[in-house]
Amino acid sequence: MDSINGNHPAREGTEPVSRILLQEDIILLLSRWYALQMAVQNKWGGTDSLQKFHQLAADIFSWFSKSNAPVPVEDLENMLHESMLLTFNTEIEDGSIEQVAEQLIAIHEEYLLRQSS
């Protein structure tokens with residue numbers, strides 16, 4: 001299987017370091033989420049499960065990079081739940097969605113702090 005961490009989207013040389021760090025932090029966190037790793041490794045989202053993983057990371061990155069204010073954790077939990085269910089055909093009931101959402105919120109808040117300094 002391809003590495004979940006391996007294929008980063010192409011980066012522009014002019015992209016601010018804080019945006020690159022945000023993107024890398026999102027990918028790293030998602031690659032450590034056991035339920036998502038299992039879905040990708042077992043191709044529960046089909047043969048393009050790895051691509052779907054990267055699309056989820058890109059969607060979160062896009063959402064965060066457009067927001068100059070903290071994102072409500074409930075909105076992020078809903079997004080993750082919907083993505084796991086619709087994209088990976090996986091119902092997650094172990095509390096990990098809430099944990100991952102909280103960690104993503106912390107990553108976003110750190111990004112906002114870097115932006116303001």
Practice prompt. Determine whether His108 and Val71 make a side-chain contact, defined as any pair of heavy atoms from C-beta on separated by less than 4.5 Å.
Written response: yes
Item to complete: Side-chain contact test, heavy atoms from C-beta onward, threshold under 4.5 Å: evaluate it for Leu30 versus Val100 and give yes or no.
Response: yes
Fill in: Atom CD of Glu82: over 12 foreign heavy atoms under 6.0 Å
no
Practice prompt. Please round to the nearest 0.5 Å and tell me the distance separating atom CG of Leu112 and atom CZ of Phe64.
Written response: 9.0 Å
Practice prompt. Would you mind reporting whether Leu21 and Tyr111 have side-chain heavy atoms less than 4.5 Å apart?
Written response: no
Discussion item. Looking at Asp94, I'd like to know if its CG atom is crowded, meaning that more than 12 non-hydrogen atoms belonging to other residues, nucleotides or ligands lie closer than 6.0 Å.
Written reply: yes
Worksheet, complete the sentence: Test side chain to side chain donor-acceptor pair (under 3.5 Å), reference Ser18, set Arg114, Glu110, Gln115, Gln23, output is Gln115
Worksheet item: To the nearest 0.5 Å, what is the distance between CD (Glu93) and NE2 (His81)?
Response: 8.5 Å
Response to the item:
Joining Ile, Leu, Val, Met, Phe, Trp and Tyr whenever any side-chain heavy atoms lie under 4.5 Å apart, the cluster holding Leu85 also takes in none
Discussion item. My understanding is that only one of Glu109, Glu102, Gln103 makes a side-chain contact (heavy atoms from CB on, under 4.5 Å) with Ile105; could you say which?
Written reply: Glu109
Fill in: Heavy-atom closest pair, residues Ile27 and Ala57
CG1-CB, 3.9 Å
Worksheet, complete the sentence: Interatomic distance, CD1@Ile92 vs CE@Met84, rounded to 0.5 Å, equals 4.0 Å
Worksheet item: Can you name the closest pair of heavy atoms from Phe53 and Phe88 and give their distance?
Response: N-CZ, 3.7 Å
Discussion item. Could you tell me if Ser49 and Trp44 have a donor-acceptor pair between their side chains, going purely by distance under 3.5 Å?
Written reply: no
Item to complete: Determine whether Val73 and Phe61 fall in the same hydrophobic cluster, where Ile, Leu, Val, Met, Phe, Trp and Tyr are linked whenever their side-chain heavy atoms lie under 4.5 Å apart.
Response: yes
Discussion item. Before you tell me yes or no, could you show the steps for Asn78 and Leu76 under side-chain contact (heavy atoms from CB on, under 4.5 Å), namely the whole-Å CA-CA distance, both residues' side-chain angles and the distance that decides it to 0.1 Å?
Written reply: CA-CA 5 Å; Asn78 290 337; Leu76 190 52; over 6 Å; no
Discussion item. With rounding to the nearest 0.5 angstrom, report the CG to NZ distance, Leu50 to Lys43.
Written reply: 8.0 Å
Worksheet item: Knowing that exactly one of Leu80, Thr87, Leu86 qualifies, which makes a side-chain contact (heavy atoms from CB on, under 4.5 Å) with Ser83?
Response: Thr87
Worksheet item: What distance separates Leu104 CG from Asp25 CG, expressed to the nearest 0.5 Å?
Response: 9.5 Å
Practice prompt. Say whether, by atom type as modelled, one donor and one acceptor occur between the side chain of Ser62 and the main chain of Ile60 under 3.5 angstrom.
Written response: no
Worksheet entry | Closest approach of Leu56 to Leu36 (non-hydrogen atoms, all atoms of both residues) | CD2-CD2, 4.1 Å
Worksheet item: Atom OH of Tyr34 and atom CD of Gln41: how far apart are they, to the nearest 0.5 Å?
Response: 8.0 Å
Response to the item:
With sequence neighbours left out, the residues meeting side chain to side chain donor-acceptor pair (under 3.5 Å) with Gln55 are Asp59
